[in-house]
Visitor: 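Pasting a structure here, questions to come.
Within every chain, numbering begins at 1; the chains are lettered A, B, ... in the order of the sequence lines, protein sequences first and strands thereafter.
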Number of protein chains: 2
Amino acid sequence: MNTIELFKALSNEKRLQILHWLKEPEKHFPKQQAHLPKEVHYKGGVCVGDIQEKVQASQSTVSQYLAMMQRAGLLESIRHNQWTYYRRNEETLQKLAAYLDKEL
Amino acid sequence: MNTIELFKALSNEKRLQILHWLKEPEKHFPKQQAHLPKEVHYKGGVCVGDIQEKVQASQSTVSQYLAMMQRAGLLESIRHNQWTYYRRNEETLQKLAAYLDKEL
DNA sequence: ATTGTATATCGAGGTTTCTCGATAAAGCAA
DNA sequence: TTGCTTTATCGAGAAACCTCGATATACAAT
């Protein structure tokens, strides 16, 4: 867990918002995954396009934000066909919360 | 509590270190406050010079770091004579930890 | 094969951050 | 007053971040 990298990733309004939305994906992305058949359904994951539409930034910006958050460990992803689904990595978030609470 | 501002302030190795040191000031700044008489002693506060000596950065850098952390709410300060004593603002840290644990 | 869609990467311009030395301000000591 | 110490602020150059459009890649559909 690279704390600095994590705090940097969290230091941006839009990235923070994305992370927040992904806490309740079915709530914030109601029409999500119209593409995927249920059996392949990536639990809690939302594709880049749906996120982009909501966050109001260019496609490349959103793609880079998501990649950055994944590098920091905040998100994880899988690719299915042409879509990449991102969801939160709760383990990292838990660890960070514990670090803030106990060590910092 | 401005979350973005807080995360930015935490996104720097040296600032994070200072915050950490100030958790146990008597441990990390043993010869602290030789200047002050006990009755004026600012509990847990450490002066800029002592912090600068330990963090290894220029005087102006350290002064700016401390001011920035104070603006974000991570630190608080009082001035006594020519010294400014900085200590942690535990309330903000508590709130941030709670935010990370519950809301984020 | 060609076209279309979703995502990633590249290159670049503008903005912010990092960090410093120089200078200012504030207060103590002679 | 003059000088000394401590901290804050200013100005600036280098590095990092933000954000975009253009292009590349990967795969599906026709």
Visitor: Whole angstrom is fine here: how far is it from CD1 in Ile18(B) over to P in dT7(D)?
Guide: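 Going from Ile18(B) (CD1) to dT7(D) (P), I get 13 Å.
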Visitor: Closest nucleotide of DNA chain D for Ser11(A) versus for Ser60(A): which of these residues is on the 5' side?
Guide: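 Looking at DNA chain D, the more 5' nearest nucleotide goes with Ser11(A).
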Visitor: In whole angstroms, how far is the P atom of dT17(C) from the CZ atom of Phe7(B)?
Guide: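 These atoms are roughly 16 Å apart.
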Visitor: Mind calculating the distance between NZ (Lys8(B)) and C1' (dT15(C)) to the nearest angstrom?
Guide: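 These atoms are roughly 10 Å apart.
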Visitor: On DNA chain D, nearest-nucleotide positions of Gln56(A) versus Thr84(B): which is more 5'?
Guide: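 Looking at DNA chain D, the more 5' nearest nucleotide goes with Thr84(B).
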Visitor: Once you round to the nearest 0.5 Å, how far does CZ of Arg71(B) lie from CG of Asn2(B)?
Guide: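 Here the rounded value is 11.5 Å.
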Visitor: Could you state the atom-to-atom distance from CZ of Arg79(A) to P of dT7(C) in whole Å?
Guide: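 About 7 Å, once rounded to whole Å.
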Visitor: Taking CD from Glu5(B) and C1' from dT16(C), how many angstroms apart are they, rounded to a whole number?
Guide: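 Taking atom C1' of dT16(C) as the reference, CD of Glu5(B) is at 14 Å.
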Visitor: Under 3.5 Å, is there an N or O donor on one side and an acceptor on the other linking the side chain of Gln64(B) and the base of dA8(D)?
Guide: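 No, the side chain and the base share no sub-3.5 Å donor-acceptor pair.
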Visitor: Membership question, hydrophobic clusters at under 4.5 Å side-chain separation (ILVMFWY): are Val48(B) and Met68(B) in the same one?
Guide: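 Not linked; separate clusters.
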Visitor: Heavy atoms only, 4.0 Å cut-off, all strands: where does Ala57(B) land among base, sugar-phosphate and nothing?
Guide: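 Sugar-phosphate contact only - Ala57(B) comes under 4.0 Å of backbone atoms but never of a base.
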Visitor: Side chains of Asp101(B) and Leu100(A): does their closest heavy-atom pair fall under 4.5 Å?
Guide: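 The answer is no, as the side chains (C-beta and beyond) never meet within the 4.5 Å cut-off.
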Visitor: With respect to the phosphate group of dT7(D), does any side-chain polar atom (N or O) of Ser63(B) fall under 4.0 Å of OP1 or OP2?
Guide: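 For Ser63(B), the contact criterion (side-chain N or O under 4.0 Å from OP1 or OP2 of dT7(D)) is not met.
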Visitor: Please tell me if the side chains of Ile18(A) and Tyr86(A) come closer than 4.5 Å, counting only heavy atoms from C-beta onward.
Guide: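 They are not in side-chain contact.
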Visitor: So if I take every side-chain heavy atom of Val48(A) and compare against dC18(C), dT7(D), dA8(C), which nucleotide ends up nearest?
Guide: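 For Val48(A), the side-chain atoms sit closest to dA8(C).
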Visitor: If you find the nucleotide of DNA chain C closest to Val62(A) and the one closest to Gln59(B), which residue's nucleotide is nearer the 5' end?
Guide: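 Whichever sits nearer the 5' end wins; that is Val62(A).
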Visitor: Give the rounded distance in Å between these two atoms: CG of Leu75(B) and P of dA8(D).
Guide: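 After rounding, the gap between these two atoms is 12 Å.
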Visitor: Measuring from Leu93(A):CG to Leu6(A):CG, what's the distance to the nearest 0.5 Å?
Guide: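 These two atoms lie 8.0 Å from each other.
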Visitor: Leu96(A) versus Leu10(A): any side-chain heavy-atom pair under 4.5 Å?
Guide: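 Answer yes - side chains close enough.
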Visitor: I need the CG-C1' distance between Leu66(A) and dA6(C), as an integer number of Å.
Guide: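 After rounding, the reported distance stands at 13 Å.
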Visitor: OP1 or OP2 of dA28(D) versus the side-chain N and O atoms of Asn81(A): is any pair under 4.0 Å?
Guide: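 Yes, such a contact exists.
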Visitor: Does any N or O donor sit under 3.5 Å from an N or O acceptor when you compare the side chain of Gln82(B) with the base of dT5(D)?
Guide: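 By the distance-only test, yes, there is a pair.
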Visitor: For dC18(D) and Asn12(A) - does any side-chain N or O of the residue sit under 4.0 Å from the phosphate oxygens OP1/OP2?
Guide: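 Yes, such a contact exists.
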Visitor: Tell me whether the side-chain N or O atoms of Ser58(A) pair up with the base of dG21(D) as donor and acceptor below 3.5 Å, since no angle test is needed here.
Guide: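 Under the 3.5 Å cut-off, the side chain and the base do not form any donor-acceptor pair.
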Visitor: Answer yes or no: does a side-chain N or O of Thr61(A) lie under 4.0 Å from OP1 or OP2 of dC20(D)?
Guide: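 Yes.
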Visitor: Given atom CD1 of Ile4(A) and atom P of dT17(C), what is their separation to the nearest angstrom?
Guide: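 Nearest whole value for this atom pair: 15 Å.
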Visitor: Would you say a side-chain N or O of Tyr86(A) is under 4.0 Å from OP1 or OP2 of dA8(C)?
Guide: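 Yes, Tyr86(A) has a side-chain N/O under 4.0 Å of OP1/OP2 on dA8(C).
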